Amino acid sequence: MSKSILQDIKECYITGSQRNLHKHHIFYGTAKRKKSDEWGCWVWLTGEMHNQSDMAVHANHDFDLRLKRDCQKRFEEVYGHDKFMEVFCKNYL
């Protein structure tokens, strides 16, 4: 498993909890999920924040977009905008 570019420790990216953690691939779908793994574009979320409530990232477009923007900003700090566009082919900022 690649290291997340957004987190150094295993805790929920939103709440800081260390219980009931799920790995969330920020860019998902068949091809993008693999790229998220490869480039470290994932975070730990509690089950509630991941897919077990109405406020979860998989049920809340604004939350999903927030994580995509956070990740794109960090990715571009490390690798640059051109590399982000080459890998993920869409600008979320």
Side-chain angles (χ1 to χ4, degrees):
M1 169 175 20
S2 68
K3 185 177 184 297
S4 171
I5 63 172
L6 289 171
Q7 293 182 287
D8 291 327
I9 57 177
K10 189 174 181 179
E11 67 181 18
C12 179
Y13 183 71
I14 301 301
T15 68
S17 174
Q18 295 180 338
R19 296 178 173 264
N20 186 28
L21 295 176
H22 296 202
K23 182 179 177 182
H24 172 65
H25 296 84
I26 294 172
F27 305 103
Y28 44 88
T30 306
K32 289 184 180 175
R33 180 183 172 98
K34 185 176 179 181
K35 290 177 182 180
S36 284
D37 257 338
E38 180 182 344
W39 291 93
C41 296
W42 58 270
V43 293
W44 294 109
L45 296 173
T46 62
E48 184 178 28
M49 300 306 295
H50 186 235
N51 60 7
Q52 297 175 350
S53 74
D54 291 341
M55 66 182 171
V57 68
H58 286 289
N60 183 321
H61 175 73
D62 290 337
F63 183 19
D64 180 50
L65 187 56
R66 174 193 165 186
L67 291 182
K68 284 177 169 57
R69 288 178 173 161
D70 286 356
C71 191
Q72 181 177 346
K73 287 176 189 172
R74 180 66 184 139
F75 186 103
E76 290 183 2
E77 288 172 6
V78 176
Y79 303 107
H81 177 73
D82 290 343
K83 181 53 91 174
F84 183 84
M85 294 305 294
E86 177 187 327
V87 174
F88 293 105
C89 305
K90 184 174 179 180
N91 188 355
Y92 296 92
L93 300 178

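A quick note: this is a predicted structure, and the numbers were derived from the prediction, not measured. Sequential numbering from 1 along the given sequence is applied to the chain's residues.
Between T46 and S17, the shortest heavy-atom distance links the atoms CG2-CB, 3.8 Å. In plain terms, the two heavy atoms of D37 and W42 that are nearest each other are OD1-CD1, 4.3 Å. Pairing each heavy atom of H50 with each of K23, the nearest pair is NE2-O, 4.0 Å. The nearest pair of heavy atoms linking C12 to L45 is SG-CA, 3.8 Å. The shortest non-hydrogen separation linking N20 to E48 is ND2-N, 4.5 Å. Scanning all heavy atoms of the two residues, the minimum distance from S53 to A59 falls at O-CB, 3.9 Å.
Note: L93 CG to H81 NE2 = 8.0 Å, rounded to the nearest 0.5 Å. In this structure, Q72 CD and N91 CG are separated by 4.5 Å, a value rounded to the nearest 0.5 Å.
Side-chain heavy atoms closer than 4.5 Å link hydrophobic residues (I, L, V, M, F, W, Y) into clusters, and following such links, possibly through other members, connects I5 to I14. Following chains of ILVMFWY side-chain contacts shorter than 4.5 Å, one can reach V78 starting from L67, so the two form part of one hydrophobic cluster. A single hydrophobic cluster is not seen to contain both F63 and Y28; linkage of ILVMFWY side chains at heavy-atom distances under 4.5 Å, directly or through other members, places them apart.
Ring-centre distance between F88 and W39: not below the 6.0 Å cut-off. For Y13 and H24, the ring centers sit 6.0 Å or farther from each other. Aromatic pair Y92/F27: centroids less than 6.0 angstrom apart.
Taking the six-membered ring where tryptophan is involved, the planes of Y79 and F75 are tilted, since the angle between them lies from 30° to 60°.
D70 pairs in a salt bridge (charged side-chain N to carboxylate O under 4.0 Å, His left out) with only one of the listed residues (K68, K73, R66), which is R66.
In this structure, Q18 and K10 have side chains that are not in contact, with every pair of non-hydrogen atoms separated by 4.5 Å or more.
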* May I have the step-by-step check of side-chain contact (heavy atoms from CB on, under 4.5 Å) for I26 and K32, ending in yes or no? => CA-CA 9 Å; I26 294 172; K32 289 184 180 175; over 6 Å; no

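Salt bridge present: R74 and E77 bring a charged side-chain N and a carboxylate O closer than 4.0 Å.
Of the possible polar contacts, one joining the Q7 side chain to the E11 backbone as a donor-acceptor pair under 3.5 Å is found.
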